[in-house]
Every structure is written in structure tokens, then in C-alpha cells.
Amino acid sequence: MSLDGRAIALIEDDAVMGESLAQWLSLEGASVDWWKDGTSALEGLRSASPDLVVCDMRLPDISGEQIFNEVTRRPGAPPFLFMTAFADIDEAVRLMRSGAGDYITKPFEVESLMDRSRGLMRSRVATSSPGLLGASPAMRQIETALRKISNLPQPVLLLGETGVGKEVCARFLHSNSTRAKAPLVAVNCAALPPELMESELFGHEKGAFTGASALHRGYAERAEDGVLFLDEITELPIALQAKLLRLLEQRTYARVGGERDLSFKARIVCAANVDPLGAVKAGRFRLDLLHRINTLTIVIPPLRERRADIQLYLGHFFDSARAASGSSLKGIAPGAIEAVLEHDWPGNVRELKNRIERAVALAAGERILCSDLFPDLAVAGDAQHSERFLTLAAVRAAAERRQIERALSETAHSPGEAARLLGISRTTLWEKMRRLGIEGAGTDG
């Protein structure tokens, strides 16, 4: 995506770097407002509506985090791209979890910053709003729902296949709540050894059992006033489910070996990748506990059902992996992008992220190819021929199918309206729909 006509706010106190970045962004077609300190930037941003804020983490008067917190209080806030020293990476990552768009570590190549800027612009245009979870209508609805329930006290149940982003949604919920400054403690119930699960969840007193040489604060206690996130909740043993039910109903618990009840102050957010009702019918999960945790239930669809998110995530994961590895890759080949968009992604967002990170690490050329992303589909010993399933005709057909389906979706499946949106005649659209096997070519609803 070009930066032509885009408004960018640059906040950088170093005169040499600031001037250089302002010139580069201007040459890319952007309109740049450059401020050399945080106070001036905040004053200017009260009346400006930039498409992107490029901000140094360390400024002479106030921090980049203070600017971010102030600006993002307003509706329609722009994404932030932070420039940070290596020592401040942890802070930058924390800000990304709070909604910042991205960060880049100094020293960096200017072209890398331009690529990040284009990526954040792509995200902003795709969502038509400061969406953080995705560009698809489904993820925008989920983001809206999470914002609405962010400050309610009731438990939240997130359902979806493995890798769809349930923990990401839990962290988004937390970061947009009044509990944001308190901890979010994530617990994978399937990963805890059964014999240690109660102690890990509720803690234990010194001398409670052999080897308990000191008091141990459990996850429930460490969550304080924040969020206790219980992933794969259906894997919790039945005996421990009864104690979790008491925690939810009475807001109290006791450490193993303890005689005093402790107050539980955190909010419970649970997640499951299977149907909890099925686990109840199988005798693995308590029905009364299910009734208690599913007051606010959000179902996250698999990535294959929200194609609009795939290219958005692709660009973000590529930029992040390239920055982390110091790679000199220039981008992703068009054929590889088409392969990504056509893949069913059974492992969802996690699979996409893993494939991109592996491709960035192992790619031999200047751009990532299909064979880098899908070596399991490649023909042994013939990397070039591994692109065989993406002839020009196949690429064109796949692109046409996506555009037509998107136009139909946006026009309530009216071929007449979709044809006008696509700039073709209704007859041409019907012919393409029949050729591509798209349903609904016979009527104009």
C-alpha cells in the first residue's frame, strides 16, 4: 500500500533522525507533522487526525506511553508505531498488548519502518475503524462485544478451535477494562500435572505436604484484582471443578493445608476448544459449573471462515518475524500470498504464524515462495515446480472468486448490486459465478 495522501504524526526528539524520517515519509507521499517533544505532540494531536503515529518511546519531557494512553482514550484513535531501544522492548510489547500497532527496534533500516507503516495503514483501511483483533466482520463484532462486557463482573467463556486466538481475545478484554493495570494470569489447565493442579491454582501453606518448604501463592491469589484466564477449562479434573465452583459462587478459596478462607477479587475468563456440553454429557465436566461460567459466551470462528483476516495477519507476522530475525527478505511472492489465501488453515492463526516464522528463517531467496510456506506440499527436489498448483489461471480464478464473494456478501447476495460494485455487467457476473461454482447466480435478491 502507498502512503500517498496519508497523514502521519512523527514524534522524535533527535533532530537528525527526525528530519530524515520526515523526508522519507514525505517522499513516499505522506503528509507529515513532526513534533520534537511529547507536550507539543499532545497539543497538536488534539486537533489533528493522523492515519498513523510514529513515536519514539523516550522523549525529553514525557514518555511515548503517556502519549499513547492520552491519544487512545479518544474514539477513532490512530495506530501507533513505536521506535524503541533494545532495552525498552518489554515495554513496547506490553503497549502492543494494550492496543499499539507495532514497534521497531533501533537501529533500523528506513525501508523497514516504511514497510511497517504501510502494514499498519493496510490494517487501518481494512478495518475502517481502529480494529485490533482483525478485519473481518466476525472479528469486528467480537471486538465490539468484548469492549461492551469488559467492565462487567460476570465470567466470560471463549469458545473456538485450537489456535483461533482465544487468549488474544482474553488479553484484549483485559486491556480494555478498568482492571488493565492489574495482572492477567493465564493458566493452561491441560498442561498442569493433576497432582499439582490444586496447589498451583489455589496455593499451599508451608508444610502442607512433603516438599512444601515455603508458602506458595497460587494463580488465584496472583491474579489480584485482574483476570484469571483458565484455558482448556474442560480439562480440569472433576474434583477441582467443585472447588472452582465454590470460588465462583462464594468468591473465597483456601490454600492447600490452610485453615483460613481468602477473598478472590479477580474476574474469571475461561476458554475451551471443544463443546463444553459434550464434555458434560461425557461425564468430564460439571453441568452446574458450565451454567456458572457461560453467562457471557463468545464463539470465535476458525480462520478459514474469516478470509479478510488472513492477509492482515500475514503482513503483521511477516514484519514481526523479519524484524526479530534481522532478515533482509524483501517480501512475499504474489503466488505465495494466493496460496496463503486459499489454504484452509486447520491450525488457525497459530499455524499461520508458525509457517511464516519458519519461512522467514529458512527462505533462500529475496522473497518468500509457496515452497517456503508449504514445504509439505512441495515436490521433492524441484522447488520451482512446487509452485505448480498456482498457475496464472489459478491465481486469477482464486482472486476473482474472493472479490465476487466479498461483493456478494457486502450487497446481501444481490448479483445486480454486486455487479455494480465490481464494475461489470450482471451477465458477466453471472457467467463468472457459474464458471467459478459460486451459488446464487440465478436470482437478483
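All values below were derived from every heavy atom in this structure, side-chain atoms included, with hydrogens, water molecules and symmetry-related copies excluded.
D56 has no carboxylate O lying under 4.0 Å from a charged side-chain N of R58, or vice versa, which leaves the two without a salt bridge. Between E224 and K265 there is no salt bridge, since no side-chain N of the basic residue sits under 4.0 Å from a carboxylate O of the acidic one. Residues K330 and E111 are not paired through a salt bridge, judged by the lack of any N-O separation under 4.0 Å between the basic side chain and the carboxylate. The pair E417-R420 counts as a salt bridge, with a side-chain nitrogen and a carboxylate oxygen less than 4.0 angstrom apart. Salt bridge status for D261 with R246: present, with a side-chain N to carboxylate O gap under 4.0 Å.
Taking CD from Q241 and SG from C189, the interatomic distance works out to 9.5 Å, rounded to the nearest 0.5 Å. Rounding to the nearest 0.5 Å gives a distance of 8.5 Å between CG of D319 and NE2 of H316. We find the OH-CG distance between Y313 and L133 to be 6.5 Å, quoted to the nearest 0.5 Å. The CZ atom of R251 lies 6.5 Å from the CG atom of L247; values are rounded to the nearest 0.5 Å. Separating the CG atom in L196 from the CG atom in L201 is a distance of 12.0 Å, to the nearest 0.5 Å. Distance check, rounded to the nearest 0.5 Å: NZ of K148 to CG of N176 gives 14.0 Å.
E161 and N273 are not linked by any side-chain donor-acceptor pair at a separation below 3.5 angstrom, with hydrogens and angles left out of the test. Between the side chains of D37 and S40, at least one donor N or O sits under 3.5 Å from an acceptor N or O. Judged purely by distance below 3.5 Å, without hydrogens or angles, the side chains of N151 and T178 pair a donor atom with an acceptor atom. Of the N and O atoms on the side chains of S136 and D309, at least one donor lies less than 3.5 Å from an acceptor on the other residue.
Each of I233, V156, L248 was evaluated against I268; a single residue qualifies, L248, per the side chain to side chain contact (heavy atoms under 4.5 Å, CB included) test. Partner E143 forms a side-chain hydrogen bond (donor to acceptor under 3.5 Å, both in side chains) with one of Q141, R147, R140 and no other, that one being R147. The only member of N348, V164, I142 that meets side chain to side chain contact (heavy atoms under 4.5 Å, CB included) when paired with R306 is V164.
D61 places a side-chain N or O within donor-acceptor distance of the main-chain N or O of T39, the cut-off being under 3.5 Å. The backbone N or O of V187 lies less than 3.5 Å from no partner atom in the side chain of D231, so there is not a single donor-acceptor pair. Remark: side-chain polar atoms of R171 are not paired, donor with acceptor, to backbone N or O of K166 under 3.5 angstrom. With K36 contributing its side chain and I11 its backbone, the two residues share no donor-acceptor pair below 3.5 Å. The backbone N or O of P302 sits nowhere less than 3.5 Å from a side-chain atom of E305 that would complete a donor-acceptor pair. R116 contributes a side-chain N or O that, together with a main-chain N or O of Y103, makes up a donor-acceptor pair within less than 3.5 Å. Checking side-chain atoms of H174 against main-chain N and O of R179 turns up a donor-acceptor pair under 3.5 Å.
For the pair F82 and E65, the minimum side-chain heavy-atom distance is 4.5 Å or more. Under the 4.5 Å side-chain criterion, counting only non-hydrogen atoms from C-beta, E351 is in contact with P346. Taking 4.5 Å as the limit, some side-chain heavy atom of F108 sits within range of a side-chain heavy atom of M83. Residues T234 and L236 form no side-chain contact, since every pair of their non-hydrogen atoms from C-beta on lies 4.5 Å or further apart. Side-chain contact check for L21 versus W34: every heavy-atom pair is 4.5 Å or farther apart. Side-chain contact between L373 and I368 is present, with at least one heavy-atom pair separated by less than 4.5 Å. Here the side chains of P79 and V53 are not in contact, with every heavy-atom distance at 4.5 Å or above. Side chains of L184 and S175 form no contact here, defined as non-hydrogen atoms less than 4.5 Å apart.
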- prompt: Does the pair Y219 and L228 meet the rule for a side chain to side chain contact (heavy atoms under 4.5 Å, CB included), with working shown?
  reply: CA-CA 7 Å; Y219 294 122; L228 179 61; 3.9 Å; yes
What's the verdict on salt bridge (charged side-chain N to carboxylate O under 4.0 Å, His left out) for E205 and R217, showing C-alpha distance, side-chain angles and the deciding distance?
-> CA-CA 9 Å; E205 300 285 351; R217 297 172 68 237; over 6 Å; no
Checklist line | Check against side chain to side chain contact (heavy atoms under 4.5 Å, CB included), L42 and I62 | finding: CA-CA 10 Å; L42 281 178; I62 59 177; 3.6 Å; yes
(message) For R307 and L341: C-alpha separation, side-chain torsions, deciding distance, then whether side chain to side chain contact (heavy atoms under 4.5 Å, CB included) applies.
(response) CA-CA 7 Å; R307 298 284 175 180; L341 294 172; 5.6 Å; no
| request: List the steps, then state whether side chain to side chain contact (heavy atoms under 4.5 Å, CB included) holds for V360 with F318. | output: CA-CA 7 Å; V360 168; F318 172 74; 3.9 Å; yes
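Here the closest heavy-atom approach between residue L352 and residue I310 is recorded as CD2-O, 4.0 Å. Considering all non-hydrogen atoms of both residues, I337 and L314 come closest at CG1-CD2, 4.1 Å. The nearest pair of heavy atoms linking P183 to R222 is CG-O, 3.7 Å. Considering all non-hydrogen atoms of both residues, D13 and P60 come closest at CB-CD, 3.5 Å. Across every non-hydrogen atom of I67 and A41, the tightest pair is CD1-CB, 4.5 Å. Y253 and S263 get closest at one heavy-atom pair: CE2-O, 3.9 Å.
When the shell of 6.0 Å around CD of E109 is examined, it contains 12 or fewer heavy atoms from other residues, nucleotides or ligands. In R46, the CZ atom is crowded: over 12 heavy atoms of neighbouring residues, nucleotides or ligands sit closer than 6.0 Å.
Taking the six-membered ring where tryptophan is involved, the planes of H343 and W345 are perpendicular, since the angle between them exceeds 60° and thus also 30°.
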